[in-house]
A.B. asks: 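Below are the structure tokens for one structure; questions will follow.
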Amino acid sequence: MSESQLAVFPPDASPAALSSARFGLAAHLGIEFVEATPTCLRARMPVDERTKQPYGLLHGGASVALAETMGSVASHLVSPERMVVGLEINANHLRAVREGFVYGTVTALHIGSSTHVWDIRIQDEEGRLVCVSRLTVAVLNRPSPPPVA
């Protein structure tokens, strides 16, 4: 099994449960999970007035928001008892998209005790590569709740 095919996700991870838990930016952008397997998660995002830049193309920042959302959810599934936060993200935008949906696939490159590294590939509806991204996530202990007065 290659590193890009690490089986890290629980077998009971369901796209419906992942999508129902969305809020904030992910909800605003219309990101929804569509597939969960032991080795990858897939999500989609509409290319519409929320996600386009002024020239009518998918905004690069929207692609990055999709990538970070997917990687953060992936880290939470792997380490649900810990707090996960994005540490670094990069993205190469390869193809313009004007309408429809883009689909992201996230796979693990590294699962350590204090960092996770994710590969996120975003494609258009025809399966053409739109963006490649790598996200590094810090895996932290959850802060203790404040003492009750």
Side-chain angles (χ1 to χ4, degrees), residues 1-140:
M1 181 179 293
S2 73
E3 276 192 307
S4 65
Q5 297 173 329
L6 294 174
V8 296
F9 300 116
D12 61 347
S14 84
L18 296 174
S19 292
S20 70
R22 69 190 174 137
F23 63 94
L25 185 60
H28 177 72
L29 295 179
I31 295 170
E32 61 183 348
F33 285 84
V34 296
E35 184 180 358
T37 75
T39 58
C40 75
L41 301 176
R42 289 192 77 219
R44 73 179 190 165
M45 180 178 68
V47 179
D48 62 16
E49 69 283 347
R50 298 169 291 178
T51 59
K52 289 182 182 179
Q53 43 95 305
Y55 297 110
L57 306 173
L58 176 64
H59 193 292
S63 293
V64 172
L66 173 59
E68 184 148 0
T69 297
M70 294 184 72
S72 295
V73 168
S75 278
H76 176 73
L77 282 175
V78 171
S79 299
E81 72 289 349
R82 310 277 304 274
M83 183 171 78
V84 296
V85 295
L87 190 60
E88 188 273 337
I89 190 165
N90 67 54
N92 294 93
H93 306 289
L94 307 173
R95 177 181 300 277
V97 180
R98 294 184 179 276
E99 62 186 9
F101 285 89
V102 290
Y103 292 83
T105 303
V106 59
T107 56
L109 295 175
H110 168 76
I111 301 297
S113 60
S114 61
T115 60
H116 297 165
V117 180
W118 300 100
D119 178 65
I120 302 99
R121 297 184 178 268
I122 300 171
Q123 299 175 307
D124 64 13
E125 291 179 310
E126 285 76 43
R128 297 175 297 193
L129 198 55
V130 170
C131 177
V132 293
S133 183
R134 179 174 296 160
L135 172 67
T136 303
V137 174
V139 182
L140 309 169

A.B. asks: From Leu94 CG over to Arg128 CZ, what is the distance, rounded to the nearest 0.5 angstrom?
C.D. replies: 12.5 Å
A.B. asks: Are any non-hydrogen side-chain atoms of Arg134 and Leu109 less than 4.5 angstrom apart?
C.D. replies: yes
A.B. asks: Write down the atom of Ala108, the atom of Val8, and the distance for their closest heavy-atom approach.
C.D. replies: CB-CG2, 4.1 Å
A.B. asks: Report the distance from atom CG of Leu66 to atom CD1 of Ile120, rounding to the nearest 0.5 Å.
C.D. replies: 8.5 Å
A.B. asks: Donor-acceptor pair, distance only, cut-off 3.5 Å: does the side chain of Ser19 make one with the backbone of Phe33?
C.D. replies: yes
A.B. asks: Can you confirm whether Glu125 is buried at CD, in the sense that more than 12 heavy atoms of other residues, nucleotides or ligands lie under 6.0 Å from that atom?
C.D. replies: yes
A.B. asks: Heavy atoms only: give me the nearest Ala36-Leu41 pair and the separation to one decimal.
C.D. replies: CB-CD2, 3.7 Å
A.B. asks: How long is the straight-line distance from OG1 of Thr105 back to CE of Met70, given to the nearest 0.5 Å?
C.D. replies: 6.0 Å
A.B. asks: Do Gln123 and Val102 come close enough that some side-chain heavy atom pair is under 4.5 Å?
C.D. replies: no
A.B. asks: Going from CD on Glu35 to CG on Leu18, what distance comes out if it is rounded to the nearest 0.5 angstrom?
C.D. replies: 12.0 Å
A.B. asks: How many angstroms lie between atom SG of Cys40 and atom CG of Leu6, to the nearest 0.5 angstrom?
C.D. replies: 12.0 Å
A.B. asks: At what distance, to the nearest 0.5 angstrom, does CG of Asp124 lie from CG of Leu58?
C.D. replies: 10.5 Å
A.B. asks: Counting C-beta onward and ignoring hydrogens, is there a side-chain heavy-atom pair between Arg44 and Ile31 closer than 4.5 Å?
C.D. replies: no
A.B. asks: What residues form a ring-ring contact (aromatic ring centres under 6.0 Å, His included) with Tyr103, not counting sequence neighbours?
C.D. replies: none
A.B. asks: Contact between Val117 and Leu135 at the side-chain level, heavy atoms closer than 4.5 Å - yes or no?
C.D. replies: no
A.B. asks: Determine which pairs satisfy salt bridge (Lys or Arg N to Asp or Glu O under 4.0 Å) with at least one residue from residues 45-74, sequence neighbours left out, and list them in order.
C.D. replies: Asp48-Arg50
A.B. asks: If you compare all heavy atoms of His93 against all heavy atoms of Ser63, which two are closest, and at what distance to 0.1 Å?
C.D. replies: CE1-CB, 4.0 Å
A.B. asks: At their closest point, which heavy atom of Gly71 faces which heavy atom of Val106, and how far apart are they?
C.D. replies: CA-CG2, 4.3 Å
A.B. asks: Give a yes or no on whether the backbone of Asn90 and the side-chain of Ser133 come within a donor-acceptor separation of less than 3.5 Å.
C.D. replies: yes
A.B. asks: Go through it in stages, so that I can follow the logic: the residues are Val47 and Arg98, the test is side-chain contact (heavy atoms from CB on, under 4.5 Å), and I'd like the CA-CA distance, side-chain angles, deciding distance and then a yes or no.
C.D. replies: CA-CA 7 Å; Val47 179; Arg98 294 184 179 276; 5.7 Å; no
A.B. asks: Using a 3.5 Å cut-off and no angle test, enumerate the donor-acceptor pairs between side-chain atoms of residues 75-89 and protein atoms at least two apart in sequence or in another chain.
C.D. replies:
from, atom 1, to, atom 2, distance (Å)
Ser75, OG, His116, ND1, 2.8
Ser75, OG, Trp118, NE1, 2.8
Arg82, NE, Leu140, O, 3.4
Arg82, NE, Asn141, OD1, 3.2
Arg82, NH1, Ser113, O, 3.2
Arg82, NH2, Val139, O, 3.1

